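For reference, the structure discussed in these notes is given below.
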Amino acid sequence: MKTTVKTLLTESPVDTEVVVKGWVRTKRGSKQVTFLEINDGSCFASMQVILDNKNFSNEILQKLRTGTSVKITGKLVASPAPQQPVELQGTKIKIYGEAAADYQLQKKRHSFEFLREIAHLRTRTNTFGAVFRIRNILAKAVHDFFQERNFIYLHSPIITTSDCEGAGEMFNVTNFDLNNIPLTKNNKVDWEQDFFGKMAGLSVSGQLEAEIFACSLGDCYTFGPTFRAENSNTSYHLSEFWMVEPEIAFGDLEDDMDLAEDFIRYLIKAVLEKGKDDLEFFDKRISKGKLKALEKLADAPFNRISYTDAISKLEKKSNKFEFKPKWGMDLQTEHERYLTEKVFKGPVFVTDYPKDIKAFYMRMNKDGKTVAAMDALLPAVGEIIGGSQREERYDLLAARIKEMGLELSDYDWYLDLRKYGTVPHSGFGLGFGRMVQFVTGMKNIRDIIPFPRTPGNAKF
RNA sequence: GCCGGUUUAGCUCAGUCGGUAGAGCAAGCGGCUGUUAACCGCUGGGUCGUAGGUUCAAAUCCUGCAACCGGCGCCA
C-alpha cells in the first residue's frame, strides 16, 4: 500500500517497516551518516531519513541531490531531535530519476518572479505546495457550502455569444482561417460564416445563465473559469480566473449579503480547520499575523454602509486622497482601502451605488438614482465580491437595456424570465483567486493559480 | 493603457568618482561524532537584458527596444 509523508507523520506506528516515495529536498552529509528530507507534497512537512553511510555505495549517496525522486524503505522510529516527531532509518533506496546538476530549485529562497518562469517546478517548493493545498481546501469548501444549503451546481457555458453587459472585453472564439477571413459586402467580418454562425467568445461571467436556473430550479451556483481580455496589469487581475457565482431565488439584497458573509466565513473556517500547517507557514513567512486575522474574521460580522454614506465619510477626509471622492464617481482603490483599513478595520459591504456606474441588470431603487448593488471589500485585497439584486420588472429592465445602448433583441431570452412568472432574485460573484490570495497573504494573484494567464503570457 | 523602478554567475545580490568582475547559496572535490537554511576547506562557472551613442576607456553616462516588478485605471 502507498503511504504518504502525511500519514507516516501523523498516523503510522513507530518501529514498523514503511516505505516513503517522494523527492529529495535537501541532503546533509557527514562521515558516518547522511540526512535526507523527502517531500511528496502530501503535507507541508518532509520526512527526515537517516542513512548509515556504510550500508550504501558512494555512487548512490552522490545521486541523492535536491530534486532526485526516490523510494526509500526503512524503519519508522521516534526522532531524538525535537524538529520532527518521527524519522525513517533507511535500509533500501530505489532511485526513480536523478535530478540533473543544473536543477534550478535550491534549498534557499527563490524570488516568486523567478519561480513563475518555472511554473512546472515551482509546485515542488514549500510556498507553492502550501498555496495549492489551501486552494484545494477552498475549492472543496465552496461546493460543501452550497451543497449543504441545497444550491444546485450549474455548469454555465464557457463559449458564449452573449456578452454579460460588457463585464469585460471578451476573447473571440473562431474557426476562421485567420489569413483569409470572410468579409461581408461592407468589408466587415462575416460572422455568419463562422463556426457558430455569429460572433462567439469566452464567457466573462456565468451569471445570466445562473439566473435562468434560479428562476426554475431555485437557488443555484456556478464555479468555473471566466475570461477577460482586458489589458489589466496589476497584482490582482488575471485574464483567466475562477469565479463562484451563486444566484438566490426569491432573495433580495439583504439575503444576498447575508449569504456572502456566511460564505466567506465558512471558507475561512474550512481553511483554519483543515489547512493549519500550511497557514502557519504563511503566518510566519508570507504575511505576519495572518492566522490571528483569519481567526478574528471567522466570527466577525461584516460592516455595511451605503455608497452615499461612504462618500460623505470620505469627503470629510478629502485631503487624504489623490482622487477627491464625489457622489456619482466610482470608489477608487485608495477609497476602498481607507474604508476597510481605517474606518471599519475589517470587511465591509458598500451598497446602493449610483445606477450610472453599475450594470444594466441591477434593480432600480425607489430613489430612481441608485441600484440594489453591493461590493464586499476586504482589507489587503480590496473588492472580492460584486453582487446585486436583479431587476425583475420587465418594463424597467427593458428601459435600462435601451438606455445603455444595448439591443433588446440580444436579451430576448433574458427578458423572457421577467415576462413569464418573474420573481425577485439576487446573486453575487466571488473571485476565487482573490479569496486564495486573501487567505494565504500571497501578494501576487499570479502566484495562487497554477498557470497564470495575463496579457502577453500564457506559457505552460 | 498611463506613471515609476529593475535587468551583473544556475539562484539571491554587491560593485563607490567611468579604468575590463565580487560574495553567499547551488554544482564538483575533500573534511567533519545526529544534522535540520548543517558546518569547514578547495575548484569550476560571466559577451554585465538587447541595439546604438558619448569617451583614450562603459556593468557604470545618454537614447531606443524587450522582459519583469510596483502603483493607477478596468474588475472579481
Side-chain angles (χ1 to χ4, degrees), chain A residues 25-38 45-53 58 62 65-67 77 79-84 87 89 99-118 121 125-126 164-169 204-207 225-245 260 285 321-323 329-337 357-359 375-378 381-387 428-438 443-447 449 454-457:
Chain A
R25 273 289 172 82
T26 75
K27 176 174 77 168
R28 297 179 289 273
S30 70
K31 199 173 192 177
Q32 265 86 41
V33 292
T34 298
F35 294 92
L36 299 175
E37 299 279 339
I38 306 297
S46 298
M47 172 62 72
Q48 171 160 282
V49 174
I50 301 101
L51 304 174
D52 192 337
N53 288 352
N58 253 342
Q62 235 167 29
R65 281 187 297 268
T66 301
V77 298
S79 176
Q83 285 91 337
Q84 58 274 323
E87 58 190 28
Q89 291 176 340
D102 60 355
Y103 187 58
Q104 288 167 297
L105 291 175
Q106 298 160 22
K107 317 179 192 187
K108 54 169 250 166
R109 238 205 107 227
H110 297 275
S111 70
F112 292 141
E113 293 79 28
F114 169 66
L115 291 172
R116 227 169 271 154
E117 293 168 16
I118 51 167
L121 297 174
T125 64
N126 278 339
C164 185
E165 42 58 54
E169 280 295 308
V204 297
S205 163
Q207 179 198 317
T226 48
F227 308 86
R228 307 264 167 102
E230 296 287 340
N231 190 14
S232 292
N233 295 290
T234 77
S235 55
Y236 45 95
H237 285 92
L238 292 166
S239 309
E240 174 183 303
F241 64 100
W242 283 62
M243 194 151 63
V244 183
E245 296 179 287
R285 292 287 163 82
F321 304 114
E322 192 189 334
F323 294 93
M329 307 222 322
D330 212 346
L331 296 179
Q332 304 287 313
T333 299
E334 57 174 338
H335 303 145
E336 296 181 351
R337 290 188 71 122
I357 56 173
K358 287 291 176 185
D375 283 355
L377 311 178
L378 287 187
V381 291
E383 188 178 340
I384 194 162
I385 278 179
F428 62 82
L430 171 127
F432 185 68
R434 289 191 185 168
M435 190 66 202
V436 181
Q437 231 186 323
F438 176 71
K443 292 215 164 55
N444 198 310
I445 201 164
R446 295 173 180 90
D447 297 326
I449 191 159
T454 51
N457 207 329

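Letters A, B, ... are given to chains in the order of the sequence lines, protein chains preceding strands, and every chain is numbered from 1. A quick note: this is a predicted structure, and the numbers were derived from the prediction, not measured.
Stacking of the aromatic ring of Phe432(A) onto the base of A76(B) is not found under the criterion of centres within 5.5 Å and planes under 30°.
Residue contacts for Thr34(A): at a heavy-atom cut-off of 4.0 Å it reaches no nucleic acid atom on any strand shown. Among the protein residues, Gly382(A) comes within range of no part of the nucleic acid, since none of its heavy atoms lies under 4.0 Å from any strand. Across all strands, Glu240(A) comes closer than 4.0 Å to no nucleic acid atom at all (heavy-atom distances). Glu322(A) comes within 4.0 angstrom of no nucleic acid atom, judged by non-hydrogen atoms across all strands. As judged by a 4.0 angstrom heavy-atom cut-off over every strand, Glu113(A) is placed among residues touching the sugar-phosphate backbone only. Using a 4.0 Å heavy-atom cutoff across all strands shown, Glu334(A) reaches no nucleic acid atom at all. No contact: Asp375(A) has no heavy atom under 4.0 Å from any strand. Across all strands shown, Ile385(A) has heavy atoms under 4.0 Å from sugar-phosphate atoms exclusively, and none from any base. Within the nucleic acid shown, Ser111(A) comes within 4.0 Å of sugar-phosphate atoms alone, with no base atom in reach, counting heavy atoms only. Within the nucleic acid shown, Thr66(A) has no heavy atom closer than 4.0 Å to any nucleic acid atom. Nucleic acid contact for Phe114(A): sugar-phosphate only, since backbone atoms but no base atoms lie under 4.0 Å from a heavy atom of the residue.
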inquiry  = I'd like to know whether Arg228(A) forms a side chain to side chain donor-acceptor pair (under 3.5 Å) with Thr226(A), so could you lay out the CA-CA distance, the side-chain angles of the two residues, the decisive distance to 0.1 Å, and finally the verdict.
reply    = CA-CA 7 Å; Arg228(A) 307 264 167 102; Thr226(A) 48; 5.2 Å; no

key: CA sep, side-chain torsions, deciding dist, call: Arg434(A), Glu383(A), salt bridge (Lys or Arg N to Asp or Glu O under 4.0 Å)   = CA-CA 9 Å; Arg434(A) 289 191 185 168; Glu383(A) 188 178 340; 5.5 Å; no

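When the nucleotides U36(B), G1(B), A76(B) are ranked by their closest atom to the side chain of Arg228(A), A76(B) comes out on top. If you check C75(B), G73(B), A76(B) against the side chain of Leu238(A), the one that comes closest is A76(B). Here the side chain of Ile445(A) is nearest to one of A38(B), A76(B), G1(B), namely A76(B). Each of A76(B), C74(B), U36(B) was ranked by its minimum atom distance to the side chain of Glu230(A); first place goes to C74(B). Among the nucleotides A27(B), C32(B), C75(B), the one closest to any side-chain atom of Lys31(A) is C32(B). Minimum atom distance to the side chain of Gln62(A) is reached by C29(B), of the listed C29(B), G10(B), G34(B). Residue Gln32(A) has its side chain nearest to U33(B) when only U33(B), G28(B), U35(B) are considered. Relative to the side chain of Arg116(A), the nucleotides U36(B), A76(B), C68(B) differ in distance, and C68(B) lies closest.
Contact of Thr333(A) with C72(B) (side chain to base): no donor-acceptor pair of N or O atoms is detected under 3.5 Å. Remark: the Gln83(A) side chain and the U35(B) base include no donor-acceptor N/O pair separated by less than 3.5 Å. The base of C75(B) is paired with the side chain of Arg434(A) by a donor and an acceptor separated by under 3.5 Å. The base of C11(B) lies outside donor-acceptor range of the side chain of His110(A), with no N or O pair under 3.5 Å.
The CZ-C1' distance, from Arg28(A) to C39(B), rounds to 12 Å in whole Å. For His335(A) and C72(B), the NE2 to P distance is 12 Å, given to the nearest whole Å. Remark: C1' of A67(B) and CG of Asn457(A) are 10 Å apart, rounded to the nearest angstrom. If you take NE2 of His237(A) and P of C69(B), they are 15 Å apart, rounded to a whole angstrom. C75(B) atom P lies 13 Å from atom CE of Met329(A), rounded to whole Å. Rounded to a whole Å, the OH atom of Tyr236(A) is 7 Å from the C1' atom of C72(B). In this structure, the CD atom of Glu117(A) is 19 Å from the P atom of U6(B), given to the nearest Å. Between Glu87(A) atom CD and U36(B) atom P there is a gap of 13 Å when expressed in whole angstrom units.
For an aromatic pair to be called close, the ring centres must be under 6.0 Å apart, and His335(A) with Phe321(A) satisfies this.
In this structure G46(B) sits in no base pair that meets the Watson-Crick or G-U test at under 3.5 Å. The partner of A67(B) is U6(B), judged by Watson-Crick or G-U wobble contacts that both fall below 3.5 Å. Both distances falling under 3.5 Å, in either a Watson-Crick or a G-U wobble arrangement, occur for no nucleotide opposite A26(B). Across all strands shown, G53(B) is found opposite C61(B) as a Watson-Crick or G-U wobble partner, with both distances under 3.5 Å. The partner of A37(B) cannot be assigned: no Watson-Crick or G-U wobble pair with both contacts below 3.5 Å exists in any strand.
Nearest heavy atom pair, residue Glu240(A) against residue Ile449(A), reads O-CD1, 3.7 Å. The shortest non-hydrogen separation linking Ser235(A) to Arg446(A) is CA-NH1, 4.4 Å. Pairing each heavy atom of Glu87(A) with each of Ser79(A), the nearest pair is OE1-OG, 2.9 Å.
Spacing of P atoms, U36(B) relative to C25(B), comes out at 14 Å, to the nearest Å. Between G4(B) and U47(B), the distance separating the two P atoms is 32 Å to the nearest Å.
With RNA chain B read from its 5' end, the first of the two nearest nucleotides for Gly29(A) and Phe35(A) is the one closest to Phe35(A).
For the pair Asp447(A) and Arg116(A), the minimum side-chain heavy-atom distance is below 4.5 Å.
The local environment of NZ in Lys443(A) is sparse, with at most 12 non-hydrogen atoms from other residues, nucleotides or ligands closer than 6.0 Å.
C25(B) shows a glycosidic angle more than 90° from 0 and is accordingly assigned anti.
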